[in-house]
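Residue numbering restarts at 1 for every chain, and letters A, B, ... go by the order of the sequence lines. Quantities reported herein were computed from a predicted structural model and do not represent experimental measurements.
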Number of protein chains: 2
Amino acid sequence: MDKRTGLPVVGMIGAGQLARMTHQAAIGLGQSLRVLAADRDASAALVAADVQIGAHTSYDDLARFAAGCDVVTFDHEHVPGEHIAALAAAGHRVFPGAEALLHAQDKRVMRERLGADGFPVPRWRPIGSAADVVGFADEVGWPVVLKATRGGYDGKGVWTVAAVTDAAELFDPVSHEARLPLLAEERIPLRRELAALAARSPFGQVATWPVVETVQQDGICVEVIAPAPGLSEDHAAQAQELAVNLATDLGVVGILAVELFQTDAGLVINELAMRPHNSGHWTIDGAVTSQFEQHLRAVLDYPLGVTSSVAPWTVMANVLGGDPAAAIGAAAMGLDERVHHLMAAHPAVKLHLYGKAVRPGRKIGHVTATGSDLAALRAATADAAGRLRHGVPAERPQP
Amino acid sequence: MDKRTGLPVVGMIGAGQLARMTHQAAIGLGQSLRVLAADRDASAALVAADVQIGAHTSYDDLARFAAGCDVVTFDHEHVPGEHIAALAAAGHRVFPGAEALLHAQDKRVMRERLGADGFPVPRWRPIGSAADVVGFADEVGWPVVLKATRGGYDGKGVWTVAAVTDAAELFDPVSHEARLPLLAEERIPLRRELAALAARSPFGQVATWPVVETVQQDGICVEVIAPAPGLSEDHAAQAQELAVNLATDLGVVGILAVELFQTDAGLVINELAMRPHNSGHWTIDGAVTSQFEQHLRAVLDYPLGVTSSVAPWTVMANVLGGDPAAAIGAAAMGLDERVHHLMAAHPAVKLHLYGKAVRPGRKIGHVTATGSDLAALRAATADAAGRLRHGVPAERPQP
């Protein structure tokens with residue numbers, strides 16, 4: 001408890017943009033998020049008052065961090081499970097707990113559990129060798145999707161291969177054994193990708209937001225449309241039920257994001273995250289309660305907030321760092337000047353910059369627009385994101 | 001310019017709740033507000049990463065603070081004008097400037113200027129002695145309103161008197177000379193109080209929000225309704241024009257709040273503030289661009305954001321510190337427990353706590369609700385504010 005405010009202290013391990021936006025929400029709740037950052041220039045460390053420097057892989061650093069916190073939570077899934085379990089054994093409240101979080105850390109554990117509990121998942125197989133891939137493809141057909149069981153994000157750690165030679169670097173050239181823990185999945189003939197977001201408190205209260213469509217390019221989410229256009233009420237309810245049932249089944253506390261494939265045969269679960277998620281950034285401007293505020297409410301065991309939308313449509317576009325190789329002419333414009341141009345062109349677009357150094361393809365921010373004309377919102381957010389990325393108006397992507 | 005982010009640094013002198021909420025808005029713009037705080041426990045110092053400790057009355061502290069800032073602005077009006085002018089002379093960008101700000105610091109200067117420029121103000125007179133009060137009352141009738149020309153807020157520095165003996169403490173008992181600079185105003189037969197908010201950039205761009213009704217109790221604003229119910233389009237447009245014209249006439253940069261009396265004869269200007277203002281707190285949840293983001297855009301000379309409402313009605317209720325003398329039973333509930341009860345009862349109400357120690361009558365936070373049923377929103381916010389103040393449901397005030 002913070003004696004100055006009479007309110008509990010929430011600590012977040014990791015200081016990326018999710019911690020940054022969680023701190024922004026914490027301010028309204030009378031709090032100040034404590035963050036464990038690798039360095040002072042981390043996205044959240046630039047804006048939070050209560051920063052400790054340390055490594056999320058060091059138990060000593062974690063224990064020192066947890067000491068003054070009423071509850072500890074995460075900005076990412078990379079804290080070793082044994083450390084989380086040890087913190088809990090030492091009496092700290094840590095949400096989500098190690099057992100739940102394992103299902104967001106290890107894709108194999110997640111698929112085994114979800115399959116056993118009857119949730120819709122793609123056909124998959126653990127892969128120990130190149131021969132395993134061929135054997136799996138003989139059953140489900142090429143191409144297949146290979147995934148590292150741990151550590152992947154934003155298209156990293158995922159390989160879609162039409163033949164085992166496409167993934168030669170994953171296997172030892174002599175023994176043909178996998179060089180890292182892998183699994184293979186059938187490639188789902190998907191119509192589009194959706195995401196369902198839920199929050200759950202220790203008390204067991206659960207809340208979900210409208211189901212969204214996520215648009216990917218090169219494995220990176222570039223656009224989120226809330227709610228998913230044309231999604232039937234049945235499918236929307238089914239996706240929300242999946243998120244609620246998964247959160248309850250796995251004992252999640254905090255936000256659970258469920259990435260889904262929509263296929264002709266129905267919904268299939270792709271991946272899980274147990275933290276505020278890119279597919280929920282739209283809620284800052286587009287919902288009564290944002291995922292960041294809700295995550296705080298959940299880990300504090302506060303009653304959850306209303307999740308309804310404030311407008312018929314909300315569109316979020318990620319801002320990716322531009323390619324310096326293309327930095328000529330207008331593209332050499334500094335970020336501050338790009339912000340000027342964006343604001344002049346789109347006075348109703350909401351800007352969220354993460355204070356991160358620009359690197360090609362890195363998420364450095366997002367923009368959001370709310371309203372009733374979906375096509376106009378998509379055009380505005382795509383153009384706004386393009387202005388921040390390239391310094392010049394981007395071509396509008398085809399919906 | 002912050003080399004880590006490529007974005008300019010805004011410094012705010014003062015670290016109260018206005019700086020706290022400005023920092024919250026700055027995070028979205030990729031920035032981190034630098035604040036000059038009197039101490040580490042100040043409302044904004046609890047949440048901002050970039051805090052300098054110093055006195056707003058010390059030019060040395062101000063100059064040291066301004067050194068690393070691209071632009072300096074204010075959380076309050078108490079910085080001496082000569083210090084502001086000296087900072088500007090030393091080459092710092094300070095908004096609003098000393099000349100403009102003087103009209104928010106000195107009520108006499110403001111009334112002289114506004115009267116000369118043809119704006120509607122109450123009849124008033126500078127007061128040097130008790131006899132001046134009597135002379136003024138002979139013209140306008142009792143009661144009259146006495147005001148300290150500097151330093152008043154939240155009902156402090158304002159005395160409504162039916163006879164000069166009601167304000168005996170303001171005058172020397174022997175000489176009858178005023179003990180502080182005073183002015184007297186006619187007591188306006190008002191229907192209600194309104195507020196018009198404008199933002200202006202150095203470039204000269206101006207934006208206004210919907211005009212609101214402010215409800216006062218004991219000289220303190222307790223509730224703001226946006227837009228003001230039943231206000232005619234003519235009066236709304238007139239109030240917005242007043243704010244725009246005043247901002248332009250006085251050369252304001254940043255937010256200008258104009259407190260207005262609505263009378264049978266029309267609108268009359270009461271007070272001015274040149275900073276984010278209590279009457280604009282509703283914009284965080286109720287408008288596309290909040291007053292805090294807009295203040296940052298304005299002082300940075302960024303293009304201003306859209307000011308339209310996100311819902312038909314937004315109601316804001318201030319949360320005042322409770323009276324410890326009444327702290328029995330449920331009232332002894334800690335703030336954390338009060339927050340639990342508030343969230344359980346009102347999951348759609350948005351909470352904004354300032355991290356300030358509870359003192360009777362002190363503004364420790366505010367709550368907001370948006371929607372289409374004004375009576376329900378007023379009831380919900382009044383009940384929510386009462387739960388935070390008293391720890392038990394408050395009686396609903398009569399609209």
Closest-packed option against chain A by number of heavy-atom pairs under 4.5 Å, given P8(B), G28(B), S32(B): G28(B)
CG-NZ distance between D41(B) and K3(A), expressed to the nearest 0.5 angstrom: 12.5 Å
Chain A contact via I364(B) - which portion, at a heavy-atom distance below 4.5 Å: neither
P303(A) to A344(B) - nearest heavy-atom pair and separation: CG-N, 3.5 Å
F292(A): partners by ring-ring contact (aromatic ring centres under 6.0 Å, His included), with sequence neighbours left out: H281(A)
Contact summary for L304(B) and P347(A), nearest pair of heavy atoms: O-CB, 3.8 Å
Contact winner vs chain B - H352(A), K350(A), H366(A), heavy-atom pairs under 4.5 Å: K350(A)
Top contributor to chain A interface from L353(B), I284(B), L335(B), L29(B) [non-hydrogen pairs under 4.5 Å]: L353(B)
Options G305(B), A311(B), A348(B), ranked by heavy-atom pairs under 4.5 Å with chain A, top entry: A348(B)
Minimum heavy-atom distance H23(B)-H23(A), with the two atoms named: NE2-NE2, 4.3 Å
Atom pair CD1 (I27(B)) and CD (Q24(A)), whose distance is rounded to the nearest 0.5 Å: 5.0 Å
Most contacts with chain B, counted as non-hydrogen pairs under 4.5 angstrom, among T307(A), V306(A), V339(A): V306(A)
Winner by heavy-atom pair count (cut-off under 4.5 Å) against chain A, out of H340(B), Q205(B), M1(B): H340(B)
Pairs of heavy atoms under 4.5 Å with chain B: top-ranked of D301(A), V288(A), V358(A): V288(A)
Point-to-point distance, once rounded to the nearest 0.5 Å, from OG1 of T289(A) to CG of L351(B): 11.0 Å
From CG (L342(A)) to OH (Y302(B)), nearest 0.5 Å: 10.0 Å
Reported CG-to-CG distance for the pair D70(A) and D336(B), which is rounded to 0.5 angstrom: 8.0 Å
Proximal to chain A - members of residues 42-49 of chain B, heavy-atom separation under 4.5 Å: A45(B), L46(B), V47(B), A48(B), A49(B)
Atom pair CE (M343(A)) and CD (E293(B)), whose distance is rounded to the nearest 0.5 Å: 6.0 Å
Most chain B-contacting option - heavy-atom pairs closer than 4.5 Å, from E337(A), M21(A), R297(A), K356(A): R297(A)
